[in-house]
Novice: 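Starting off with a structure, shown below.
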Amino acid sequence: MGFHCTRVVSTPKAPSLSLLKPDLISTKVHQLNKVRGFEVKAAMPPEDQVRIPHVLTVAGSDSGAGAGIQADLKACAARGVYCSTVITAVTAQNTVGVQGVNVLPEDFVLEQLHSVLSDMRPDVVKTGMLPSTGIVKVLCRYLQEFPVRALVVDPVMVSTSGDTLAGPSILSSFREELLPMAEIVTPNLKEASALLGGMPLESLADMHSAAKYIHHFGPKNVLVKGGDLPASLDAVDVLYDGENYFEFRTSRIKTPNTHGTGCSLASSIAAELAKGSSVISAVKVAKRFIESALGYSKNILIGNGPHGPFDPFLKLKKYAHGSSRQSLFDPSNLFLYAVTDSRMNQKWDRSITDAVKAAIQGGATIVQLREKEADTRDFLESAKACLEICRQHGVPLLINDRVDIALACDADGVHVGQSDMPAHVARVLLGPDKIIGVSCKTPEQAQEAWVDGADYIGCGGVYPTNTKENNPTLGLDGLKTVCLASKLPVVAIGGIGISNAHSVMKLQAPNLKGVAVVSALFDRESVLIETQKLHKVLVESNTEIR
Ligand SMILES: Cc1ncc(COP(=O)(O)OP(=O)(O)O)c(N)n1
Ligand SMILES: Cc1nc(C(=O)O)sc1CCOP(=O)(O)O
Ligand SMILES: [Mg+2]
């Protein structure tokens, strides 16, 4: 491994740029680079080079950093991809509204596009505020010259505060030039209506029609965001791919801190596409990510206005008075908890990665690797491979018992039992951000788990099981007693499958969030089909209970 320059030419002394008029600086920098004749080439062997998923955002700057370029940078960083930026306008903006807009000259937008696209070759381009027809045209020209894997268009027209960021004059260039190049376009109701010449959009059925009409302009996929739909309880977005409609429902989070949601969602979709996800999985992961960030940020206070920013890193509240640790754990992840078993996967002649993939495809919302027989080295390699799969799908991966394996592969956390490493020690080793689950069979153990800093409780065996030897059966009553004794979310485990999952969920303890299952998923011929079946039962139970 190594990095060296093939040729380094001594640098001629540069005239001070501060002596140049600002509009001459960029031209001079071009000329200087030519004169210097730098030829720095990475001579790293290709097999040692690590390709980094890369999104280029073409958008406006928001001085309040809730939306625009700043939101895009944060969302991409939080989703683990590189983000370069082409700035189209600079806005003076805060949580109250937009106080000023300064559109950059087309030539300089062009220069930024050239700098990034000719050298850095992003995987995906995401657009936000495109304030003039000229800028849209320049962008389209550059995308033809330097094609990228996907173009994500967020057709920004109006800010959260209601201020205009791009006037109706750009609509025709959007429809005729930009949208036909897009992999996905993500209008909210107002933007969808504007693209369709003012068509009123007031219902889910209208959103379906709007998605279909916008699809006629040429984008491969249309995501109409229904956040502003009146009188709807859940926030519903509709994705149309030219053949099928998909509805994404998330609970409506009551918070003023939604400034930048649209930019961050589009950037997160772009980030997932850059990692290689399909559009549907990119939208699913991005929506879940934004939902968690909004939930986390619902009471953060930045600025005095009505449109506060949110925190995609879920980190800011560590400064809150009296809070030692803010959990990043979303208890709804416990809904369908798949726990692997190496013996079962061997018996059915499938790899652990195939088993994990199938479980996630079937609807598993969290995965635990419980590889009791695996050598440490094999376990670590499997954990790394499974983690990659889980990260692609936004599903947390926990390791059973082995805090060392979790640390070594940077898994999302561990599950420990009463004879494993105590949760408070695991917490010290893993830090505040990782997920820790603890097995509890009694109210006392549940209390201790909370004091120890656990994120959730695994409670069982609810029914007799052949998967774990000599495991006492608690029954539904035992499960309920533990649930009632704890503030922590609980997942039920032991002998659970499609025939009895409904009875478990019917228990109606508010902190019982789901079921953890081994044999009903993995000691079967098709992990995918069994997970799908269980997922259906759980969704039906949820609907009935509500
Ligand atoms: C979700 C969940 N709950 C309970 C357990 C059991 O953990 P433990 O008691 O440590 O037993 P082993 O799994 O280590 O045999 C679990 N793994 N997951
Ligand atoms: C790993 C485990 N822990 C349990 C507990 O009671 O804490 S029961 C169990 C085994 C669960 O496997 P199956 O879904 O095949 O019954
Ligand atoms: Mg254990």
Side-chain angles (χ1 to χ4, degrees), residues 329 331 333-345 347-348 355 359 364-374 379 383 395-406 411-423 425-426 435-442 445-446 448-449 452 454-483 486 488-501 503-504 511-524 527 530-531 533-534 537-538:
F329 178 58
N333 284 332
L334 297 175
F335 186 61
L336 201 174
Y337 191 142
V339 182
T340 68
D341 182 291
S342 44
R343 268 183 310 111
M344 293 175 195
N345 286 324
K347 174 176 155 193
W348 291 97
T365 51
I366 189 166
V367 174
Q368 180 190 138
L369 297 189
R370 184 174 177 271
E371 299 295 290
K372 293 290 189 192
E373 273 110 11
F379 197 178
V395 169
L397 179 82
L398 307 190
I399 306 292
N400 176 270
D401 295 349
R402 300 285 303 268
V403 178
D404 56 345
I405 299 276
D412 298 303
V414 291
H415 185 94
V416 288
Q418 294 297 321
S419 52
D420 301 320
M421 181 184 287
V425 181
I435 302 166
I436 298 181
V438 180
S439 305
C440 299
K441 295 191 188 303
T442 65
Q445 290 172 355
E448 192 180 17
D452 277 2
D455 292 290
Y456 75 89
I457 285 169
C459 180
V462 177
Y463 299 109
T465 176
N466 292 324
T467 306
K468 186 170 166 63
E469 275 177 13
N470 305 320
N471 192 48
T473 301
L474 306 181
L476 291 172
D477 289 345
L479 171 64
K480 189 149 195 173
T481 308
V482 169
C483 287
S486 181
L488 288 172
V490 177
V491 63
I493 189 166
I496 300 172
I498 49 173
S499 62
N500 55 18
S503 313
V504 175
N511 55 339
L512 178 63
K513 299 295 178 191
V515 296
V517 177
V518 186
S519 53
L521 303 185
F522 296 106
D523 202 6
R524 298 287 186 278
V527 176
E530 297 307 321
T531 317
K533 281 197 227 159
L534 182 60
V537 171
L538 292 171

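Order of appearance sets the numbers: ligands from 1, and atoms from 1 within every ligand. Since the structure is predicted, the reported quantities are computational estimates derived from the model, not experimental observations.
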Novice: Heavy-atom contacts with Asp401 under 4.0 Å: which atoms of ligand 1 show up? List them by number with element.
Specialist: 10 (O), 14 (O)
Novice: Going by the atom numbers of ligand 2, which of them fall below 4.0 Å from some non-hydrogen atom of Gly461?
Specialist: 6 (O)
Novice: Ligand 1 and His415, any nitrogen or oxygen pair closer than 3.5 angstrom?
Specialist: yes
Novice: Is the backbone of Gly461 close enough, under 3.5 Å, to the side chain of Thr473 for a donor and an acceptor to pair up by distance?
Specialist: no
Novice: Note the single closest protein heavy atom to atom 11 (O) of ligand 1, along with its residue, its atom name and the distance in Å.
Specialist: Lys468 NZ, 3.0 Å
Novice: Step through the shown structure and confirm whether more than 12 heavy atoms of other residues, nucleotides or ligands are within 6.0 Å of CD on Gln445.
Specialist: yes
Novice: At a non-hydrogen distance cut-off of under 4.0 Å, which region of Thr467 contacts ligand 2 (side chain, backbone, both, or neither)?
Specialist: side chain
Novice: Using side chain to side chain contact (heavy atoms under 4.5 Å, CB included) as the criterion, point out the one residue from Thr481, Ile493, Leu474 that pairs with Cys459.
Specialist: Leu474
Novice: Any idea which atoms of ligand 2 are less than 4.0 Å away from a heavy-atom of Ser519?
Specialist: 13 (P), 14 (O), 15 (O)
Novice: When you measure from the side chain of Asn511 to the backbone of Cys483, do you find a donor-acceptor pair of N or O atoms at a distance under 3.5 Å?
Specialist: yes
Novice: In Å, rounded to the nearest 0.5 Å, how long is the span from CH2 of Trp348 to CG of Asp523?
Specialist: 6.5 Å
Novice: Give, for atom CD1 of Ile435 and atom CG of Leu398, the distance between the pair rounded to the nearest 0.5 Å.
Specialist: 5.5 Å
Novice: Check all N, O or S atoms of Asp401 and name the one closest to the Mg ion (ligand 3).
Specialist: OD1
Novice: Among Glu371, Arg370, Gln368, find the one that has a side chain to side chain donor-acceptor pair (under 3.5 Å) with Thr340.
Specialist: Glu371
Novice: Which option out of Ile457, Leu474, Thr465 puts a heavy atom nearest to atom 16 (O) of ligand 2?
Specialist: Thr465
Novice: Pick one of side chain, backbone, both or neither for how Asn400 approaches ligand 1, counting any non-hydrogen atom pair under 4.0 Å.
Specialist: side chain
Novice: Looking only at protein heavy atoms, which one is nearest to atom 13 (O) of ligand 1, and how far off is it?
Specialist: Arg370 NE, 2.7 Å
Novice: For atom 18 (N) of ligand 1, find the nearest protein heavy atom and state the residue, atom name and distance (0.1 Å precision).
Specialist: Gln368 NE2, 3.0 Å
Novice: What protein heavy atom lies closest to atom 7 (O) of ligand 1? Include the residue and the distance to one decimal.
Specialist: Ser439 OG, 2.7 Å
Novice: Within ligand 2, which atoms have a heavy atom of Arg370 less than 4.0 Å away?
Specialist: 1 (C)
Novice: Could you tell me if any non-hydrogen atom of Val339 lies under 4.0 Å from any atom of ligand 2?
Specialist: no
Novice: Is the backbone of Phe522 close enough, under 3.5 Å, to the side chain of Glu530 for a donor and an acceptor to pair up by distance?
Specialist: no
Novice: Which residue holds the protein heavy atom closest to atom 14 (O) of ligand 1, what is that atom called, and what is the gap in Å?
Specialist: Lys372 NZ, 2.6 Å
Novice: Contact between ligand 1 and Gln418 is defined here as a heavy atom of the residue under 4.0 Å from a ligand atom; is it met?
Specialist: no
Novice: Would you mind listing which atoms of ligand 1 come within a distance below 4.0 Å of any non-hydrogen atom of Gly417?
Specialist: 8 (P), 9 (O), 10 (O)
Novice: Which of these, Ile493, Val462, Asp523, has its nearest heavy atom closest to atom 9 (C) of ligand 2?
Specialist: Ile493
Novice: Which of the atoms in ligand 1, numbered in the order shown and given with their element, are less than 4.0 Å from a heavy-atom of Asp420?
Specialist: 10 (O)
Novice: At a 4.0 Å threshold, what atoms of ligand 2 neighbour a non-hydrogen atom of Asn471?
Specialist: 4 (C), 5 (C), 6 (O), 8 (S)
Novice: Specify which N/O/S atom of Asp420 comes nearest to the Mg ion (ligand 3), by atom name.
Specialist: OD2
Novice: With a 4.0 Å cut-off on heavy atoms, is Gly458 touching ligand 2?
Specialist: no
Novice: Quick check on contacts: which atoms of ligand 1 are under 4.0 angstrom from a heavy atom of Gly458?
Specialist: 3 (N)
